[in-house]
Structures are given as structure tokens and as C-alpha cells.
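A quick write-up on the structure given underneath.
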Protein chains: 2
Amino acid sequence: MNRSNTDSTKRDVLRRLPSFGGLPPDLLAELGAICRLRSYRHDQLIAEEGERLSFVGFISGGILRLQKPQADGRLSIVGLMVEGDMFGRIFNGALHFTLAATGDVEICAFSRELFEELATRWPELERLVMLNILNELDSAREWMLILTSYRVTERLAGFLLLICRRWTSVAKLVRVDKGRLRLTIPVNRTDLAHFLATRPESLSRAFHALADDGLIRLHTPYEIEILDLPALLDLSGSEDLFTPGSFEDLFPRQA
Amino acid sequence: MNRSNTDSTKRDVLRRLPSFGGLPPDLLAELGAICRLRSYRHDQLIAEEGERLSFVGFISGGILRLQKPQADGRLSIVGLMVEGDMFGRIFNGALHFTLAATGDVEICAFSRELFEELATRWPELERLVMLNILNELDSAREWMLILTSYRVTERLAGFLLLICRRWTSVAKLVRVDKGRLRLTIPVNRTDLAHFLATRPESLSRAFHALADDGLIRLHTPYEIEILDLPALLDLSGSEDLFTPGSFEDLFPRQA
DNA sequence: GGCGCAGCTTGACGCGTATCAATGCATTGC
DNA sequence: GCAATGCATTGATACGCGTCAAGCTGCGCC
């Protein structure tokens with residue numbers, strides 16, 4: 001897991017980060033010179049709320065939770081970040097939320113000072129950071145939309161569709177096998193329950209309610225097959241959240 | 001209402017926008033040259049979801065809703081924006097949400113092309129835009145926290161505290177009279193209900209439940225007096241959302 | 001002044017879900 | 001192999017809230 005921080009490894013990792021694709025070679029070289037790979041295990045904290053993180057990070061593998069412990073002992077999860085996402089508060093203050101690993105996570109870290117200096121010198125990099133933040137903002141608002149559904153089944157439907165839409169390219173979480181759409185839920189029931197503003201028990205019932213109605217099939221608790229995409233869209237109550245054609249890349253024109 | 005777009009008026013408006021404070025005079029002059037004031041009435045749409053807005057705007061007065069009509073007829077509100085906030089998708093695609101006025105609104109609009117050109121030429125402006133987006137992201141996540149409370153009273157408590165914390169400087173929405181903390185709810189019950197993922201009836205009950213328990217006093221449906229701030233913090237379940245001292249500017253050291 | 005309208009409030013009822021408790025099921029360690 | 005542990009699941013019950021329906025209140029308008 002804990003790969004060595006050799007130059008060749010780092011070059012590999014940087015090349016795999018989608019947002020870094022269009023950057024000028026000179027900038028990539030500078031970035032490569034200052035990046036360090038780090039890895040974390042499940043539930044390990046990367047940084048805590050209130051902390052002034054000394055680096056900015058790009059996720060090169062795994063899933064990160066953005067969470068906040070509540071006074072009553074509950075844990076609110078306000079975001080999940082995946083491969084390619086950036087975290088850390090560049091040009092800004094302390095973290096507002098705790099960062100924790102969900103499953104094994106590998107990140108590519110840049111010293112905050114050096115990265116800020118680079119961003120000031122390279123407008124391309126600053127633009128990349130801004131687009132990353134805009135992207136996060138969209139995600140956050142889509143989550144809000146999902147959270148405003150009353151029933152747990154509706155929120156769950158919205159979550160499954162969100163995974164399909166946004167995480168197609170991430171670590172094969174979503175894939176089509178022999179015309180069947182299957183996806184891997186990358187978080188356990190408890191985390192997902194926190195995320196969907198409900199409890200594990202209710203979430204479990206919601207999963208099986210969808211299964212009983214023939215909308216999904218549960219191969220394992222983490223392996224889901226989508227049987228009736230239109231019905232899920234209908235249930236999520238926001239079919240127009242997904243512009244027509246959003247799912248076309250999942251179903252090539254062979255169909 | 002519909003003030004003329006004279007140079008002196010525009011200078012006034014630009015000067016009142018908090019984020020523009022530290023900008024270099026030359027940049028301010030350029031901004032002043034390309035800005036146009038616009039005003040909107042209650043419920044008027046500024047732009048609709050999917051539209052590619054031809055300008056970026058800064059709110060100089062009033063409140064804007066970010067909303068999305070749902071398939072089932074409900075209206076989801078995913079954000080409120082106030083004086084000083086920026087909207088419009090600079091360097092990016094079409095709007096993901098509809099922008100609508102809540103009450104009378106006045107904005108300061110810049111042609112998108114010209115503003116982007118300015119931002120490319122002035123790093124200070126691009127930085128300002130980025131900090132604005134970061135700020136929006138924080139707001140969105142705070143809203144998510146509020147939305148994850150189970151009970152409507154908890155969400156309402158969170159909303160009231162959010163107004164206190166973030167909108168102190170906005171149009172005297174929050175003020176202290178003779179040691180009493182009073183605030184003006186800037187949206188009607190129906191909008192607020194959509195916002196808190198509930199219904200007007202339940203929201204009304206929640207307001208009066210808080211009043212019966214002595215946490216607040218309802219002078220009118222829109223004029224609230226906070227009687228027991230600690231109890232509200234406790235109820236909202238996220239007292240640590242508000243760092244110690246957040247409310248100190250409301251209660252100067254005279255107390 | 002009285003009428004009408006829109007928005008806030010209150011009441012009654014059924015449904016969905018939080019909660020508590022117990023069981024099933026897999027994986028880990030000895 | 002067996003015990004122990006962590007997680008998903010299922011069952012029973014109480015409570016909060018969405019829903020429908022009916023009053024109430026303030027306000028503008030003729």
C-alpha cells in the first residue's frame with residue numbers, strides 16, 4: 001500500500017489525475033517536484049475541523065468523507081470526495097469539516113505554501129483550482145437536492161443515480177456487464193445512513209423495499225444491480241436533475 | 001426603485017460591495033465602467049436553470065433564491081444569497097439552478113465576457129471570485145448540516161442561528177435593541193418551508209413550539225426575538241458549528 | 001366601512017421512520 | 001474448528017410530520 005515516493009511513481013500518479021491533463025509540461029514538472037504521496041486506512045482522519053491544513057491534496061485513489069461530529073453524538077457527513085477531487089483550503093483559513101478516509105485512500109499532497117506560490121505564478125493552476133471548487137459546489141447542491149426528499153427510498157434512489165452519474169469513471173464503481181448496470185457502494189451502511197440523514201435500520205429497509213419493487217437487485221450489501229433506471233429516476237423526483245443523455249455513456253449505442 | 005445607471009450611482013454601489021474593498025483603484029474604475037445596475041421584484045426570475053447567463057452579478061440589495069422545480073410540483077431551494085454575494089458561472093457552463101428574487105432585489109451586473117477578460121488580466125479579481133465561491137461552498141455545507149437534522153424544530157433553530165451568524169451585516173436583518181436580540185426573517189413561510197425541507201404547516205408549528213418553550217418570541221411572523229440563545233444552540237445539535245465567540249459582535253463588551 | 005384575497009395558523013388523522021431490541025451472517029483470531 | 005466481533009437485517013412500538021380541511025388575520029381595493 002505505502003508506495004515509495006520515487007519520482008517515477010509520482011509522475012505516474014500525477015499523470016492519472018484527470019484535472020492535471022491540460023497543464024503545461026513545465027508546470028507539471030514543478031508540481032511533480034513538490035508532491036508527496038500519502039496513504040490512509042479506513043476511518044483514519046486526514047485532518048480535523050478547525051485545523052489549518054499544511055498541504056492541499058488531490059485524491060489519487062479511494063474515497064474521502066467530509067464530516068462533522070454533532071453534539072448529540074451523531075456524525076453528519078456533508079460530502080464524499082473521489083479520485084481527482086481536491087481538498088484543503090487554499091488561500092483561506094482553517095478547515096470547517098473533518099476529513100476522514102472511507103476505505104483505503106491514497107492522496108497526492110502539496111505543501112500549501114509552495115502550491116499557493118505556484119498558483120500565483122501559473123494562472124492555469126489557479127484556474128484549475130477554481131474549477132475544482134465550482135465542481136464541489138455543484139456536488140454539494142446536488143446532495144442538498146437529494147436531502148430534501150421526504151422518504152428514505154427517494155433519497156436512496158437519488159444517491160444511486162448520483163453515483164451512476166458522477167462516479168462512472170471512478171475506480172470502476174459503475175460498470176455494465178452483459179447489458180446489466182452494476183455498481184459498487186463504496187461506503188458502509190452506517191456511513192451512508194449518516195449521509196442520507198437517516199439510520200442504518202431505515203436504510204436497510206429502503207434498500208430492500210427497492211429490491212422488492214424490482215428497481216434494484218442486491219447481490220451483496222455493497223454490490224447493486226440497477227434493474228429499472230426510469231423508475232429510480234421517477235422515484236428520486238428530480239428526473240430533470242439529470243439532463244437527457246446523462247446515462248448514455250453507460251449504455252453505448254449497441255443497445 | 002429603478003435607479004438610473006449614472007456613473008455616480010454605480011460608484012456608490014460598487015463602493016458598498018464588501019468584497020470590492022481591497023481592490024486597486026484602477027481595477028475599480030474598469031469595473032465601474034462595465035457594470036450595470038438591475039432590479040427585480042418579488043418572485044421575479046433572474047435566470048433559469050440550463051440558461052447560459054450572459055453576465056455575472058453581485059447582489060447590492062435584497063435576497064436571491066437558488067431553486068429547482070421538482071417533478072412532483074415541489075420547489076427545492078438549495079441556497080439563499082445576500083448582499084455582496086456573487087452569482088453566475090464565470091469560466092464555466094450553464095446554470096444548474098434557477099435564480100429568483102425573494103423580495104425586491106438590486107444587483108450589479110457585469111458582462112460575462114468583459115468580466116472574464118478583466119479577471120484574466122487582474123489576478124486580484126480572479127482571487128476575489130475564488131474566495132466568493134469558497135464562501136458559497138461553506139454556506140452550502142452549513143445548509144446541508146441543518147438539513148440533516150431530523151426534527152423541523154432542530155432545522156428551524158439551525159436556520160435562525162445561521163441568520164444570526166452570517167447575516168449580521170446584511171440590511172439590519174439582525175440587531176440588538178436594549179439588550180434584546182431581534183431578527184427579521186427575510187422570506188415568507190412557504191419559501192422557508194421549501195428551504196427547510198418541510199411544509200408551511202409544520203414550519204408554523206415549529207415556530208410556535210419554540211415560542212411556547214420560551215426560546216423565541218414571535219412579534220410578527222417575520223419579526224423574531226431570540227430569548228434563549230444557548231437553548232437554540234443546543235437544539236440545533238451543532239453548537240460547535242459556531243466557533244466560540246461567533247456571536248460576540250452581536251453583543252459588544254458593554255454587557 | 002365592508003368585501004375579498006393571500007398567507008399564517010390550528011385541528012384531526014394516517015403514514016413513515018426513529019428507536020430499542022434481537023437475530024442472522026460473515027470475517028478474524030486463537 | 002470454535003468463539004468473538006462487527007455489520008446488516010428484521011421485528012415491534014411510539015412519535016413526528018405530511019396531508020387535507022377549516023378557521024383566522026392582516027391588507028388592499030372598491
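A, B, ... follow the sequence lines: proteins, then strands. Residue 1 opens every chain.
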Original post:
So, are Glu223(B) and Arg175(B) salt-bridged, with charged N and O less than 4.0 Å apart?
Top reply: yes

Original post:
Do Phe159(A) and Leu203(A) come close enough that some side-chain heavy atom pair is under 4.5 Å?
Top reply: no

Original post:
Would a distance-only check, ignoring hydrogens and angles, find a side-chain to backbone donor-acceptor pair under 3.5 Å from Arg141(A) to Leu66(B)?
Top reply: no

Subject >> Side chain Ser60(B), main chain Glu106(B), donor-acceptor under 3.5 Å >> reply: yes

Spacing of [X] atom [atom1] relative to [N] atom [atom2], expressed in whole Å:
{"X": "Asp43(B)", "N": "dA6(C)", "atom1": "CG", "atom2": "P", "result": "13 Å"}
{"X": "Glu223(B)", "N": "dG26(D)", "atom1": "CD", "atom2": "C1'", "result": "16 Å"}
{"X": "His194(A)", "N": "dA18(C)", "atom1": "NE2", "atom2": "C1'", "result": "13 Å"}
{"X": "Leu156(B)", "N": "dC8(C)", "atom1": "CG", "atom2": "C1'", "result": "15 Å"}
{"X": "Glu154(B)", "N": "dA18(C)", "atom1": "CD", "atom2": "P", "result": "12 Å"}

Original post:
Roughly how far apart are Met81(B) CE and Ile46(B) CD1, rounded to 0.5 Å?
Top reply: 11.0 Å

Original post:
Just how far is it from atom CG of Leu53(A) to atom CG of Leu95(A), taken to the nearest 0.5 Å?
Top reply: 5.0 Å

Original post:
Checking all strands, does Tyr222(B) fall into the base, sugar-phosphate, or nothing category for heavy-atom contacts under 4.0 angstrom?
Top reply: sugar-phosphate

Subject >> For Glu83(B), all residues meeting salt bridge (charged side-chain N to carboxylate O under 4.0 Å, His left out), sequence neighbours excluded >> reply: none

Subject >> Contacts of Asp85(A) that satisfy salt bridge (charged side-chain N to carboxylate O under 4.0 Å, His left out) - sequence neighbours left out >> reply: none

Dump every N/O contact between nucleotides 10-18 of chain D and the protein below 3.5 Å, one line per pair.
| from | atom 1 | to | atom 2 | distance (Å) |
| --- | --- | --- | --- | --- |
| dG11(D) | N7 | Arg205(A) | NH1 | 3.1 |
| dG11(D) | O6 | Arg205(A) | NH2 | 3.1 |
| dA12(D) | N6 | Arg205(A) | NH2 | 3.2 |
| dC17(D) | OP1 | Val152(B) | N | 2.6 |
| dG18(D) | OP1 | Thr198(B) | OG1 | 3.4 |
| dG18(D) | OP2 | Thr198(B) | OG1 | 2.7 |
| dG18(D) | OP2 | Ser202(B) | OG | 2.5 |

Original post:
Going by the salt bridge (Lys or Arg N to Asp or Glu O under 4.0 Å) test, which pairs reach into residues 187-216 of chain A, not counting sequence neighbours?
Top reply: Arg65(A)-Asp191(A)

What nitrogen or oxygen pairs link the protein and nucleotides 22-26 of chain C at under 3.5 Å?
none

Subject >> End-to-end axis angle, where each axis spans five pairs of the helix from dT9(C)-dA22(D) to dC30(C)-dG1(D), to 10° >> reply: 40°

**OP:** Compute whether any side-chain donor of one residue and acceptor of the other, for Arg166(B) and Ser139(B), lie under 3.5 angstrom apart.
**Re:** yes

**OP:** Measure from NZ or CZ of Arg38(B) to the centre of the six-membered ring of Phe55(B) and say whether it is under 6.0 Å with the direction within 45° of the ring axis.
**Re:** yes

